[in-house]
Amino acid sequence: MQAADEVLAEMSKLISLPILSPLKKSMRSREEIRAYLLEKMKEDKDADKRYADQKTMEKFGLLPKNYPLEETLVKVLTEQIAGLYDADSQEFFIADWNSPADERMVMSHELTHALQDQHFHIDKWTDAAKPNDDAELARDAVIEGSAMAAMLDYQLGGKGSIRDLGDFDPAMLMGDADSSPELSKAPQILQDELLFPYLAGTTFTQHVLKASRGWPDFPKVFEKPPVSTQQIMHPDMYLHGVVPPKIKLPDTAGVISADWKKLDENNMGEFGLLEIFKQYLDKDRSTNLAAAWSADRYALFENQKDNRDMLLFDVRLASDADAARFLGAYSEVLELKYAMRTNLLRRPNFFSFDTPDGGVFLRCSGSDCLVLEGGSRSIFDRLALEMGWPGGPVVPIKPNDPHVNVTELSIPPSLLADAGRPARPSVP
């Protein structure tokens, strides 16, 4: 593949990364690519992690229950991949159904990965963010976004650079959506999560290149990688070193019984919070609300006896006022998410209702908001106490509740007969 050698040399010069070793190259059929993707998915995450990821997306309302996630991902990726660089074997292969006109463009993207891998070991570099899913997605955005930017510079053929362009929509580089039927019918979260590294990553790369000497300075991003999707979505936060604080969930030991197994504990990030809002609210409002994200942590539990799920979600917002807005908006999300609701309770900084799958609770204190879905009020209150919060609002008492105590007095009939009569003075 002489063309690949020619493009590799051009990309080496363009992005200022010397070729350190020869590169293996081959053509692959669609079936070979499908088999490769299946194997890579298994290597990337073990079965427990894949199960936990799917259950988490279901509990957050991002996927329908029992959705065929892996099957859909394989279909979408097989449809999308035109070429691929395998860091494990240090081999570049290109799909055999590409037109000659597209081959060099595909090569410019994938061979950028190859050059970066020779210098920075991109798989190990990305995996270093684990187990923080949000930080890992941010690193994916650096890898794919920089390759998209390099591909654009290659297409410009020396007549300009992405640094010279004003704000533009990177989606213009992605081709016609109608040519991707599998992607277009996938759930929104899958579409957005697959495209985020390419689209947001390209914009991030453009900002970094503009703020420096260009490609010769880009290796500094590998030395100091972004730590959150927020830094990708708002590149100035990365450039100014604004990082999210680390927060801890309240201690669940002794609060949540041993019947509940923790499947995962992780971070959603601004990207994840935006996806939750977008499921139920309009895009502009969702974007504004998610932009107030400062930090988060969630834990997902599964009941070993009845397979129910319980989700604990702590979100820190940029200010107390943002937390108040979050409470109002997230309570809307929760109401839209659960069709069957009873015993709704709404108080300042507190919101709850019951569902057939357990109670749903949302409370804010200062700039932090705590959500529990699938638990009980007693669990929620104890977790809030673990966070140092004062007691929550009193649950209204209903006369027919079994915990209401009624005291009956036996009144003599003679006294009943005197009821309503004026009191008579006692006679000495």
Side-chain angles (χ1 to χ4, degrees), residues 30-81 84 123 126-127 129-141 143-144 174 177 180-201 229 261-280 286 296 298-304 306-313 333 336-338 357 373-374:
R30 193 178 296 274
E31 189 54 40
E32 286 174 323
I33 287 179
R34 182 180 182 279
Y36 172 87
L37 290 171
L38 283 168
E39 187 61 31
K40 281 297 178 184
M41 286 173 65
K42 291 177 182 177
E43 290 177 4
D44 184 50
K45 294 178 181 178
D46 60 34
D48 288 344
K49 176 59 175 169
R50 295 199 303 272
Y51 178 77
D53 285 348
Q54 174 148 359
K55 296 285 281 187
T56 297
M57 285 192 279
E58 290 175 1
K59 194 64 178 175
F60 272 114
L62 299 172
L63 281 181
K65 284 191 175 182
N66 303 313
Y67 182 79
L69 179 58
E70 289 190 32
E71 178 184 336
T72 301
L73 282 173
V74 171
K75 287 180 180 178
V76 170
L77 292 174
T78 304
E79 171 187 74
Q80 292 296 307
I81 288 180
L84 198 145
D123 275 3
T126 303
D127 287 347
K130 293 178 178 179
N132 185 329
D133 288 348
D134 184 57
E136 189 178 355
L137 182 58
R139 293 194 184 206
D140 281 339
I143 298 297
E144 297 299 345
M174 300 297 291
S180 304
E182 294 293 345
L183 178 64
S184 62
K185 67 184 182 183
Q188 190 66 51
I189 178 61
L190 297 189
Q191 296 184 40
D192 291 348
E193 193 165 21
L194 288 170
L195 292 176
F196 177 84
Y198 297 89
L199 302 181
T229 52
K261 176 186 176 183
K262 185 189 288 187
L263 296 182
D264 195 17
E265 181 173 336
N266 222 300
N267 304 81
M268 290 298 285
E270 182 176 338
F271 170 82
L273 185 59
L274 173 60
E275 290 301 306
I276 296 169
F277 279 128
K278 280 171 60 178
Q279 294 292 317
Y280 304 97
S286 297
D296 81 86
Y298 74 81
L300 181 71
F301 301 84
E302 184 178 59
N303 193 293
Q304 302 297 284
D306 56 19
N307 293 322
R308 287 187 298 118
D309 300 318
M310 179 164 57
L311 178 66
L312 179 63
F313 187 31
V333 167
L336 292 167
K337 182 176 171 181
Y338 292 93
D357 295 322
E373 300 179 44

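Applying the side chain to side chain contact (heavy atoms under 4.5 Å, CB included) test to L195 and every residue at least two apart in sequence or in another chain returns M174, L183, L199. By the side chain to side chain contact (heavy atoms under 4.5 Å, CB included) test, K130 pairs with D44, D127, E136, sequence neighbours left out.
By the neighbour-count criterion of 12 heavy atoms within 6.0 Å, atom CZ of R34 is sparsely surrounded, having that number or fewer from other residues, nucleotides or ligands. Within a 6.0 Å sphere centred on OH of Y198, heavy atoms belonging to other residues, nucleotides or ligands number 12 at most. Enclosure of atom NZ in K40 by more than 12 non-hydrogen atoms of other residues, nucleotides or ligands within 6.0 angstrom is indicated.
Taking the side chain as every heavy atom from C-beta outward, V333 and I276 approach each other to under 4.5 Å. Taking 4.5 Å as the limit, every side-chain heavy atom of D309 sits out of range of all side-chain heavy atoms of T56. Side-chain contact between N307 and N303 is absent, with no heavy atoms from C-beta onward closer than 4.5 Å. You'll find the side chain of L190 reaches within 4.5 Å of the side chain of Y67, heavy atoms only. Residues D264 and K49 have side chains in contact (heavy-atom distance under 4.5 Å, counting atoms from C-beta outward). The closest side-chain heavy-atom distance from M268 to E275 is not below 4.5 Å. Considering only heavy atoms from C-beta on, T126 comes within 4.5 Å of I143 through its side chain. No side-chain heavy atom of F301 sits under 4.5 Å from any side-chain heavy atom of L311.
Side-chain contact, T229 with D134: a donor N or O sits under 3.5 Å from an acceptor N or O. With no hydrogens or angles considered, a side-chain donor-acceptor pair links E58 and Q54 at under 3.5 Å.
Salt-bridge formation is detected for the pair E71/K75: a Lys NZ or Arg NE/NH1/NH2 atom is positioned less than 4.0 Å from an Asp or Glu carboxylate oxygen.
For residues 38-64, the set of pairs meeting the ring-ring contact (aromatic ring centres under 6.0 Å, His included) definition, not counting sequence neighbours, comprises F60-Y298, F60-F313.
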side-chain contact (heavy atoms from CB on, under 4.5 Å) evaluation trace for F196 with E144
CA-CA 9 Å; F196 177 84; E144 297 299 345; over 6 Å; no

Go through K55 and E302 one step at a time and tell me if the salt bridge (charged side-chain N to carboxylate O under 4.0 Å, His left out) criterion holds.
CA-CA 9 Å; K55 296 285 281 187; E302 184 178 59; 3.6 Å; yes

Derivation of the side-chain contact (heavy atoms from CB on, under 4.5 Å) call for L194 and L77
CA-CA 9 Å; L194 288 170; L77 292 174; 4.0 Å; yes

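Taken to the nearest 0.5 Å, the CD atom of Q191 stands 9.5 Å off from the OG atom of S180. Going from atom OG1 of T78 over to atom CD1 of I33 covers 7.5 Å, rounded to the nearest 0.5 Å. Here the straight-line distance linking atom CG of D123 with atom CZ of R139 works out to 12.5 Å at 0.5 Å rounding. D192 contributes atom CG, which lies 3.5 Å from atom NZ of K278 (distance to the nearest 0.5 angstrom). The CD atom of E182 sits 11.5 Å away from the CG atom of L73 when rounded to the nearest 0.5 Å. To the nearest 0.5 Å, atom CG of residue L63 and atom CD of residue Q279 are 8.0 Å apart.
Formation of a donor-acceptor pair under 3.5 Å by the N266 side chain with backbone atoms of D133 is found in this model. A donor-acceptor pair is defined here as one N or O able to donate and one able to accept, closer than 3.5 Å; such a pair exists between the side chain of D46 and the backbone of D48. Looking at E373, its side chain never comes within 3.5 Å of a backbone N or O of L312 through a donor-acceptor pair.
Residues R308 and D357 come closest through the heavy atom pair NH1-O, 3.5 Å. Heavy atoms only, all atoms of each residue included: A129 and A135 are closest at CB-C, 3.8 Å.
Screening E265, K59, M57 for a side chain to side chain contact (heavy atoms under 4.5 Å, CB included) involving L300 leaves a single residue, K59.
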